[in-house]
Every structure is written in structure tokens, then in C-alpha cells.
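What follows is a single structure, written as C-alpha cells, with notes after it.
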Amino acid sequence: MTAETAPASPPDGSAPPDGSAPPRTAHGGTLRGRLQQLLALGGLVVICVVFAVADPIFLSYGNITSVLFATVVIGTLALGATFVIISGGIDLSVGTGMALCAVVAGVLITDMGLPIAVGVLGTLLFGALLGFVNGCNVSVLGLPPFIATLAMMLVAGGLALVVSGSAPIYFDSTAYTDISTGSIVPGTDFPNAVLILAAVALLAGVTLSRTVLGRYTYALGSNEEATALSGVDVRKWKIVVYTLAGLFTGLAGILISARLGSAQPATGMGYELQAIAAVVIGGTSLNGGKGSIGGTVIGALIISVLNNGLQVLAVPQEWQNVILGSVIVVAVWADLARKRSIR
Amino acid sequence: MLTDTRPLLEVEEVSKTFPGVKALDRMRLSLRHGEVLALVGENGAGKSTLMKLLSGIHRPDTGRFFLDGAPLRPTGPRHAQEMGIGIIHQEFNLLPDLTVAQNIFIGREPRRAGFLLDRRALDARARELIGRLGLPLDPHRRVGGLTVAQQQMVEIAKALSHDPRVLIMDEPTAALNDAEVRTLHQLIRRFVRPETGVIYISHRMAELTSLCDRITVIRDGQYVATMETAQTRVRDVIAKMVGREIGTGTRPRPAPAAREPLLTVSGLSTRTLLRDVGFALYPGEILGFAGLMGAGRTEVARALIGADPVTSGTVTLRGRPVRIRNPADAARHRIGYLSEDRKRLGLLPEDGVDTNIALGALRERFARFGFVRDRAVGERAAELVSALHVATPSLDRPVRHLSGGNQQKVVLAKWLAKDCDVLVFDEPTRGIDVAAKEEIYRLLDTLAQQGKALVMISSDLPEVLRMAHRVLVMAEGHITAELTAAEATQENVMHYATLRPGRPGTRPAPSPASDPAGTPEAGTR
């Protein structure tokens, strides 16, 4: 992150000195955007310090690795959800969609015996197809995103059971499980899944901040009608956004099944809400138009750090969700309070 | 009661300022007992502000209201009702899924045992009221299934159920046909007794003269005059309504000799409002659209760019027929639309000046392989910002922080970045201060001189007359006149804007010199 300082800007609405070209900060690096991330980052640091003080085990290499590993699935889903939410939508289907994609991977690789590369590609495309259907339901049929993706959540959850016969599909090949659990870093056991998450997060960040798709994603969420009247084909771009989220769902399906060594058709429900929680904690507004990939990554980390730290401290399982829920309230409230103070 | 000396309702030197706008400036008004008083004025003259003050939605900055000589200080719509002020707004406040009876007594439902709704009592009271008013309404009908005229009757019944002393009606006939207007007027005459009075806001000169005792004209938030209907001619009222001075030398310079039209629209109709709208637009000209609120000017623009569905109509662009199904199509054909509602329809308020400017042309001009070329965006934005004199501290300043005039310039810059040939300006100077207005005018002139074809929709008549090379006047979804700059006077435009078209003989050829036809010399009461 560059530490470019904002110029001493005059108060709102005042004119600049005559003739001077207005200064410009790098796009996506506005002061507001940075503050948003700083807030979440500060929260993450505070939580880490508290846990580290409470139990030094927390900072051990093994524990940090396992926190990162635990972030992978939620983090991947949250990346896709970030796009959808910034565009002003919501996607409830990513949890069961992920389970269905895992099953599809199992069918392609274990049942049909296709090469792993083909199976992975097929699964990613299948995930994108799920998102495409969501996008069409929202954009062409005009269903509210909540309803369209709620329906998809049920359909995908059901199909996962139907296709798999309600039984897990196991992967025999370690080449497949190595996608998540192997390590390409020589001499360590640092899991590939974390590296994959880092890579796709980077990709998502660049897409969101540097591409036409990213710019339109913000525009859709900021003011869809004005965007349409500006000549942007909003229908098409909405479909693209949901399709992208579906792609991440497919990837999450691969990562989770590779980690478990099996596709578990009955899992998935509930992941979508954790993903949304990560996005929201990261400072993305559910009203759309605002948010960042950096924030989402931090949000996902906060969730897994909390889960992990509370386990380390032997806080009973049932209390962990209570605390997570409270953190969401505090995080979003802090974000709102900050915005009000800026206004 | 001292009914003869004191007016029923008196507005005394009332002023109200909203941020940037002086909506009412020492407004006066006096309603006598037992009279129907017409309140007329152009769009933005201050009528709706006055209603909002009387219904307690806003408080006056200075000045007072008196009802029967006693000070009246409504604190909210409910209080105003209790004090005896009944207001029927142009936009109905009805709940479409409830019945007529439920709507009339909403919030005052008769109850049993304190919390159970008493349906029987509700229906009985509604039936009694409707019978007393002589309205052809069934209390059990769902309001959503009624015609507009019947819904209006429900509003009237609702207002009269409070037994108001003063009934204020805002454009009650805007959506009614002749027979329905007659029924409404009979109802009003029946309501008016020595202890009550009606303020009737309308643009339709003909019906004012048949219904109202006196006519009060307001303009720019100020009181202008009150006239006895019997001794007043319609043209005098119109003259008082528009009576603003226009600066000399502000006539538009002649448009270049028209060659081929750039854009031709014909037979444009929509389900709700527009009927057979057709016009041609030439390069280098500013074509003005004048008309009253709701005449259909904005609807023409939205139908043209594909933002609203049309039932018929053809568009020819550069000699070729084109189909424009949505704004993206319009933009592809280089037709830009600058909405009247900048904040809602023109801008991404939270995003920067540069992002807003680049939005329309992002893919074709500011991207390579799907990546935004931020440098190109910045350079072009900086160019346009300095060319249009947008006052902004930085290029990434969220546009909601800018003033109205600067926001408008950003919207304009967006379409210039797209290099549009046809630009449709809908209320380009609404909510903009005078200096910024002048700048916008200069920009429009420059664009026309560069050969762009401009449509200018505006409720500010002097502005249209000053800028437009030709003026189309609309009333109730029809184009009622096409006037050259020379023919377009305020009186002429207002005449055609207050016509009730859609019947034989009301689609006139422009005849600027003659006395407006079909407007009776007033006074038969």
C-alpha cells in the first residue's frame, strides 16, 4: 500500500485555485477506501494481540498455518460474494453451490475417471454455470437477488444429494488432494490452498480495481439506473458478476473437497452466511457501491482467527458463534459511525 | 361570527427558504368565506411550498397564517386536518390494496373493545359519507381497481370526512376527462357554503373561469395579483403568470440552414401518456420542449432513448431507421440523455468526478483488453474539467460533494467523453444558481455551434425562449404546437401548453398573432 498523502483538501464544495489541474490519487486508493481497510485491519491486529497475550501458542507457526488454512474456503467464497455485494446484489447459493461443485468434481474425477486437470476445469465451468443461471434469474427475469439465489441454494443443495446418492465421493489420487494439502514451497508443509487463495485474491483485487468489469461492478451498486442511462448494458454485466461469483464457488468446491479427500454432499449450508459476514466485516456495504477485496480478505481472516483463538482458549463451541455475531455488529456499527463522522 | 369582515384563510407575508432557493417570498393570499379561489402560477412559482406550509410539513421562516382571524400554526398533516385544513395533493395518498372505506378512515378506524376493528361501523360510516357527498362509489371496492377519477373521489371523501373549513386541491383535474371534471366541479360547488372555502390550483384556464370566483396569480414565490374572474380575460391571467422580463439580445442566434435532419421521430406513443409525438432534429440546432408539469416532455426523452417502453413510434437517425430498445442502444447510437434528476439518474454520487466522466465511454475509449486505462481516464477527465470549468478540488472527489451546477457539468462531461451527436437535456439548469446557469447556456450554445443536435426540455420558459431555435409545446402527451424562435412568446407558449388536446380541432397551426382561440372571455357566474 502506498503511503501517498492526500493533499490538504479545501472544505466540501469549495473551488480549487483557478486554473490548477486538480490533483488525483490512484484509483481505488482513496483515503476513504484506505480508512475502511485500516479499520478492519486494526480490528484483526487487536484480536491477534489479545489471543497472543492470552496464549503464546497462538503465534506458533503451526497455529498460524492452520488459521490460514481454515480461511481458504470462506475466503474464496467471500471473494465472489464481494463482487456480488458491491454490485448491489446478494448470493445465498454459494454454500450449497460449493457442495454441488465438489460433488461434480467427484463425479468427473472419481466416477468418470477423467484427468484431474479436466475435472478441475469442468468443475470451475460448472460453478460458473450456476452463477450464470443466478445472473439470468436476477437480470433477465428480474427476480430479487435474495429470492433468486435462495432458490438456487435449495436447488444446488438438493442436486448435490441427488447426484451423489447422498453419499460422499472419495478421491483416491493424492494429486487431487495435493491441490489443497500439498505444498509447492520446498521443505515446508505450507498448504497450497493458502497460496491459491492468495493468488486468486490478488486476481480478484486487480479485477475489481483495474478492469472495466470492476468499474461497472461499483457503478451497478452505486446507482444502477444512472449506470443504465449512461449507456452501460447493466443486464449483461450483472450476469457477468454472478457468473464470476459462481466461478469462485467452483473453486471453493475444489479446494474443500481436495482438503477433505472427499466430496461431502450434505455440507455447504451456512458457508454463504459466513462468506457474507466476512465481506461485511471487511467494510463492504450491503447497499452496494462500496467495498474492497483487501477488506474481504481481512474480514475472512478475522472470522477464522476468532474461531481458532477461541478454540485455543478452550471457549466452548456454542459461545463462538455468539462472539462472532457480536463482532459483526461491532464491525458494521464502527463502519457506519465512521462514515457518519466523515459526512 | 364575523364572517363578513375577516377572510376565512389569510396568508400574511409568508417566506420560506430552502437551501439555495427562496421558495416563498412574503407571500400573501386571502380566501373569502364561501368562495372558490383559483391559485395559478408557473411550475416552481411556489404553489406546492405553500401547500406544504399549510399542511404543516414545513414551517414558514417568517409570516403567519390566520384561519377566521385566529393564528394557524399547523405542526403536521394530522394537526392541519384537525384545524380544518383539508388538502388533496396531486399525487394520491391511497393504499391500493385497501377498500374505499378503509382508505377513507385510515388511522381512525372505528373499534370495538379498544382493539378490534369494527367493520360494520366502518362500512356504515363510509356509506353515510359517500351518500351525503353523492359520490358513485362502493365502499367495499379495492381502491387499486378504481379509475383515476374514482380514486380522486376517494381522496375527496377522505378530505371531506374531516369536515374541513378550507379545502385545497392541487391540479385535481390533471388526469380527468371532461365529464369527470364536470362531476368534480359540481361536488366542489356543493361543498362550498358560507363557512367554507376552496383553493383550487390548476393550469387549465378554461375551467378556472367557469368554477372560480377570483384568481390569485403568484410567480417566483411572490404574490402578483388577485382578479375577479368576472372581469378578467384569460390572456391577462397568462400575462401576469409569465410576466417576467427577458433580457434583450438573448434571442438565439439563427440555426445554420437546415440540411438533412439528424434525427426524426414519428408516431411515438406510450401506454400511459404520449400520443403520436413526432419531430425532427437538425444538426447545429437547439430544439426546445416547453409545457407544463406532466405534459410528457420527459417521457418523450425517456421513450426516445429506450428507458421506457413504447407502444409505437419510429426513430430515424442519419437517414437510417434505428431501433433503440434501451439506453445502451441509445448510447451506441451516440444519443446522450442528461436527466432532470441528476442525483438519482445521472450520477454515481459516491464515486469520483473522473469515474463518473469515464462511465459512459469506459469500454470504447478508456480500456484496453478489459483493463481500465486510468491514465487516459485521468487525462480526459482533466481536460473536460478544465474545459467546462468544473470546480472540484480533485478529480477523484465524490461528486455528491459538488454543487448542483458542477454536478451538471460532470454529467455533461460524461456525454462529451462519449462524443455524442445528439444530446437531450432535461431541465439542465434545475437547482443551479444563476452564474452556473449562464455557464451551462454558453456550453449549450457552443455545442450547437459545433454541429451537435440538442434537445432542451425545460420548465423555465424564459430559458427555453432564450436558447431554443425552435420550440415544441406539449400538453397532455401531445405536441400542440411547433413555434419558430420568432413565434415563441411566453403568451403563445402558455396558450398551447394549457390546451386540452386530443379532441378534434385542438391541434392548431401556429398562429401567434391571434387571440388564443377557444378560451372564453371569462365570467358566467
Side-chain angles (χ1 to χ4, degrees), chain A residues 6-33 86 206-216 218-237 240 285 287-291 339 342-343, chain B residues 302 305 307 326-332 335-339 341-356 358-363 366-367 369-372 374 377-378 381-382 385-386 389-398 400-403 406 411 414-415 418 420:
Chain A
S9 60
D12 288 358
S14 71
D18 214 32
S20 69
R24 183 174 196 291
T25 54
H27 188 89
T30 59
L31 198 63
R32 290 163 52 85
I86 289 177
V206 169
T207 304
L208 194 56
S209 63
R210 296 264 170 247
T211 66
V212 172
L213 167 61
R215 208 60 55 87
Y216 284 165
Y218 282 105
L220 278 172
S222 178
N223 191 340
E224 185 178 334
E225 234 177 328
T227 305
L229 286 176
S230 299
V232 177
D233 192 342
V234 295
R235 275 192 179 192
K236 181 181 102 186
W237 289 102
V240 172
S285 161
N287 294 326
K290 287 188 285 276
K339 276 175 201 144
I342 283 180
R343 214 157 263 170
Chain B
R302 289 185 57 95
I305 60 154
N326 54 50
D329 281 349
R332 214 168 292 131
I335 301 173
Y337 172 61
L338 288 84
S339 163
D341 192 344
R342 281 187 292 280
K343 288 212 175 77
R344 202 164 66 78
L345 301 177
L347 293 168
L348 309 177
E350 300 293 336
D351 287 296
V353 172
D354 48 1
T355 304
N356 272 282
L359 181 62
L362 202 54
R363 284 178 79 196
F366 301 121
F369 309 124
F371 282 82
V372 178
D374 274 321
V377 170
V385 159
S386 74
H389 303 291
V390 182
T392 175
S394 70
L395 284 179
D396 58 0
R397 182 70 156 179
R400 72 181 164 85
H401 293 303
L402 304 185
S403 70
N406 284 306
V411 181
K414 175 173 73 182
W415 291 110
K418 178 106 186 162
C420 282

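To find a chain, count down the sequence lines: A is the first, B the second, and so on, and within it residues start at 1. Please read these numbers as outputs of a predicted model, since none were measured by experiment.
Here the OG-CG distance, from A/Ser222 to B/Asn356, works out to 7.5 Å after rounding to the nearest 0.5 Å. Rounded to the nearest 0.5 Å, atoms CZ (A/Arg215) and CG (B/Leu362) are 6.5 Å apart. The line from NZ of B/Lys414 to CG of A/Leu229 is 7.5 Å long, rounded to the nearest 0.5 Å. Taken to the nearest 0.5 Å, the OG atom of A/Ser230 stands 12.0 Å off from the OH atom of B/Tyr337. Atom OH of A/Tyr216 sits about 6.0 Å away from atom CZ of B/Arg363, to the nearest 0.5 Å.
Looking at A/Val206 and B/Phe371, their side chains come closer than 4.5 Å, going by heavy atoms from C-beta outward.
Of all the heavy atoms in B/Leu359 and A/Ala219, the pair that sits closest is CD1-CB, 3.7 Å.
Residue contact with chain B, scored on non-hydrogen atoms closer than 4.5 Å, is absent for A/Thr207. Heavy atoms of B/Ile305 lying under 4.5 Å from chain A belong exclusively to its side chain.
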Test side chain to side chain contact (heavy atoms under 4.5 Å, CB included) on A/Arg235 and B/Asn326 and set out the steps. CA-CA 11 Å; A/Arg235 275 192 179 192; B/Asn326 54 50; over 6 Å; no

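Residues meeting the side-chain hydrogen bond (donor to acceptor under 3.5 Å, both in side chains) test with B/Arg332, sequence neighbours left out: B/Asp329. For B/Phe366, the ring pair (Phe, Tyr, Trp, His ring centres under 6.0 Å) test picks out no residue, with sequence neighbours left out.
Of the possible donor and acceptor atoms, one in the side chain of A/Asn223 sits under 3.5 Å from a partner among the backbone N and O of B/Arg344.
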